[in-house]
Each structure stands twice: as structure tokens, then as C-alpha cells.
Amino acid sequence: MILDPKWAWRISLSVVFLAIFTDQALKMWVKTHFVLGEEFNVIGNWFILHFTENNGMAFGMELGGSLGKMLLSLFRIVAVFGIAYYLVKLIRTSNPSGLIISISLIFAGAIGNILDSIYYGKIFSDSYFHLAEFLPAAGGYATWLHGKVVDMLYFPILKGFWPNWIPFIGGDYFVFFQPVFNLADTFISTGVLMILIFQKRYFKEESKS
């Protein structure tokens, strides 16, 4: 469905603000109610809230060192401006609602993780062996752009050992799905997945031209 720009703006802004709000609300709740490494079983042993933090990219991937962290934060900021420019262009030129929602989700997810990096180190104390304090009198645990991204969603649906006949990993213990992630990662992945699945529908006119 092609949206009128007025409605496209409303839908996009609603998606962005709702996604950022839910992401940040959950992160702040976990940060102030869990000690680092603490977990809570939501549904059995396959949906767990497990509090962890990372210095890097989605799903706990890393870009090492203080300089790497700074470069990653700056790259994220530049990328967000690029996504925002593309999103505005899509809205102004009347594109399918699904494409606008997809890019809005990606944009919101990127913003969500950037916010952690920008100011979490300033407004929270660390979470080692105690609950984090909000706006601690002694100052936060890091400087601007060096905050850690809060992750908590853990789905260890399958656990077991690889068969011995499999080369290199035979007999090793495995967990699927092992990465711990957050809502911002989920929004980005959902947006990208929507584009991959419906790309022929979203870019039909461009393909013809």
C-alpha cells in the first residue's frame, strides 16, 4: 500500500518513538534491577532475561579497545544520519508502507543502541556485584560515547553435544540460540528481514525502471 506523505510521517514517527521507548525502558529496568550476569527465567529454560553488557555491535559482537569503541559510536551516529536521510526521502516520495515501517524499525534500533553508547556511561554506575545507581554522586562508569550496550534477551532453545563424527566440533557442547541481545537488535533484524522477504514488492517500480 502506497501511503500519502502525511500518513507516512505519522506511521513512521509512531514506530520510531514506540520502538525507542520500549527498548530504553527495558534496558533501564534491567540495568537498575539486575546485577551483571544475573538472570530470570521468563518462560521455562528457553526464554531468559540475562543481564549482560557489550562494547560493540549487535548480538554481543565486539570492536576492541577504547579507540575501537569511540570509532564504533561515531560510525553509528553517521549511519543514523544516513538512515534518517533515506527514510525522509522514502516518505516524501510516497513509497509502500511496509518499506517505510522496515526502515523506521532499523532507524529506531540504531538509535536505541547509540543512546546506550552516548550516555549510559555517564548516568549509571557500573553493575559489577551490585545494582547500578542512576545518576550516581560519584559520576558514571565511563565517559561520553563509551557507554556499554545493555543486552538481556536470551533464548537457549536447544542444548546438547555435537555428534562425534562432525569434524572439529564433534563432542563439543552447543547452545542454540546463544547470543544475548536487546530489543534494538530485534528491531534492526526485523526491518532487514522484512526488506529481504518483500523486496520485490517494495522496489517494484525501481526494478521496472
Side-chain angles (χ1 to χ4, degrees), residues 15-66 68-70 72-73 75-76 80 105-136 140-162 169 171-194:
V15 169
V16 169
F17 283 117
L18 182 60
I20 292 175
F21 174 79
T22 54
D23 173 68
Q24 289 297 303
L26 180 57
K27 286 175 177 175
M28 289 187 175
W29 181 79
V30 168
K31 181 71 177 172
T32 54
H33 288 78
F34 286 66
V35 174
L36 194 64
E38 185 178 356
E39 61 183 36
F40 172 76
N41 290 53
V42 180
I43 302 177
N45 292 318
W46 62 269
F47 176 21
I48 300 171
L49 288 181
H50 177 89
F51 176 31
T52 185
E53 294 178 316
N54 73 80
N55 294 311
M57 298 167 278
F59 301 104
M61 292 184 287
E62 297 278 341
L63 187 60
S66 179
K69 173 63 178 175
M70 174 69 77
L72 180 59
S73 296
F75 172 77
R76 281 174 169 164
V80 160
L105 285 171
I106 295 172
F107 177 68
I111 288 287
N113 283 333
I114 283 177
L115 292 176
D116 296 30
S117 299
I118 291 176
Y119 72 87
Y120 269 35
K122 298 294 290 185
I123 68 172
F124 288 115
S125 63
D126 67 72
S127 299
Y128 295 105
F129 310 112
H130 58 80
L131 294 179
E133 182 182 350
F134 181 66
L135 297 177
Y141 66 83
T143 56
W144 297 108
L145 296 176
H146 285 84
K148 296 181 179 180
V149 177
V150 175
D151 292 326
M152 79 295 292
L153 302 177
Y154 183 36
F155 294 89
I157 299 173
L158 294 176
K159 299 178 182 179
F161 293 88
W162 294 107
I169 61 173
D172 291 349
Y173 183 75
F174 75 90
V175 177
F176 180 85
F177 181 70
Q178 189 165 9
V180 182
F181 54 100
N182 56 47
L183 287 178
D185 299 331
T186 303
F187 297 142
I188 294 172
S189 299
T190 301
V192 171
L193 187 61
M194 288 173 63

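The residues of the chain are indexed from 1 along the displayed sequence. Please read these numbers as outputs of a predicted model, since none were measured by experiment.
- Shortest non-hydrogen contact noted between Ser125 and Pro136 is N-CG, 3.8 Å.
- Taking CD of Glu133 as the start and CD1 of Ile123 as the end, the distance is 12.0 Å to the nearest 0.5 Å.
- Under the rule for a side-chain hydrogen bond (donor to acceptor under 3.5 Å, both in side chains), the partners of Asp116 that lie at least two apart in sequence or sit in another chain are Gln24, Lys27.
- Residues Asp185 and Val149 form no side-chain contact, since every pair of their non-hydrogen atoms from C-beta on lies 4.5 Å or further apart.
- Applying the side-chain hydrogen bond (donor to acceptor under 3.5 Å, both in side chains) test to every pair with at least one member in residues 152-162, sequence neighbours left out, gives no pairs at all.
- With sequence neighbours left out, the ring-ring contact (aromatic ring centres under 6.0 Å, His included) criterion links Phe34 to Trp29.
- To the nearest 0.5 angstrom, Leu49 atom CG is 12.0 Å from His33 atom NE2.
- Every residue meeting the side-chain hydrogen bond (donor to acceptor under 3.5 Å, both in side chains) condition with Tyr128, not counting sequence neighbours, appears here in chain and number order: Lys148.
- Judged as a ring-ring contact (aromatic ring centres under 6.0 Å, His included), and not counting sequence neighbours, Phe17 has no contacts.
- His146 is not listed as a side-chain neighbour of Tyr141, based on a closest heavy-atom distance of 4.5 Å or more.
- Every residue two or more places apart in sequence or in another chain that forms a side-chain contact (heavy atoms from CB on, under 4.5 Å) with Thr32 is listed here: Phe124.
- A search for side-chain contact (heavy atoms from CB on, under 4.5 Å) contacts involving Trp144 returns Ile118, Tyr119, Lys122, not counting sequence neighbours.
- Looking only at distances, a side-chain donor or acceptor of Ser73 sits under 3.5 Å from a matching main-chain atom of Leu145.
- By the side-chain contact (heavy atoms from CB on, under 4.5 Å) test, Phe129 is found to be paired with no residue, residues two or more places apart in sequence or in another chain being considered.
- Rounding to the nearest 0.5 Å gives a distance of 7.5 Å between CG of Leu115 and OH of Tyr120.
- Partners of Leu158 according to the side-chain contact (heavy atoms from CB on, under 4.5 Å) rule, which considers only residues two or more places apart in sequence or in another chain, are Phe174, Phe176.
- Counting heavy-atom neighbours within 6.0 Å of Phe47 CZ, excluding the residue itself, gives a total above 12.
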Sequence neighbours left out, cut at 3.5 Å: what donor-acceptor pairs do the side chains of residues 36-45 make with other protein atoms?
{"residue": "Glu38", "atom": "OE1", "partner": "Val35", "partner atom": "N", "Å": "2.9"}
{"residue": "Glu39", "atom": "OE1", "partner": "His50", "partner atom": "ND1", "Å": "2.7"}
{"residue": "Asn41", "atom": "ND2", "partner": "Gly44", "partner atom": "O", "Å": "2.8"}
{"residue": "Asn41", "atom": "ND2", "partner": "Asn45", "partner atom": "OD1", "Å": "2.9"}

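- The residue from Thr186, Asn182, Val180, Ile48 that alone fulfils the side chain to side chain contact (heavy atoms under 4.5 Å, CB included) condition with Leu153 is Thr186.
- Rounding to the nearest 0.5 Å places CD1 of Ile111 at 13.0 Å from CZ of Phe187.
- With sequence neighbours left out, the side-chain hydrogen bond (donor to acceptor under 3.5 Å, both in side chains) criterion links Thr22 to no other residue.
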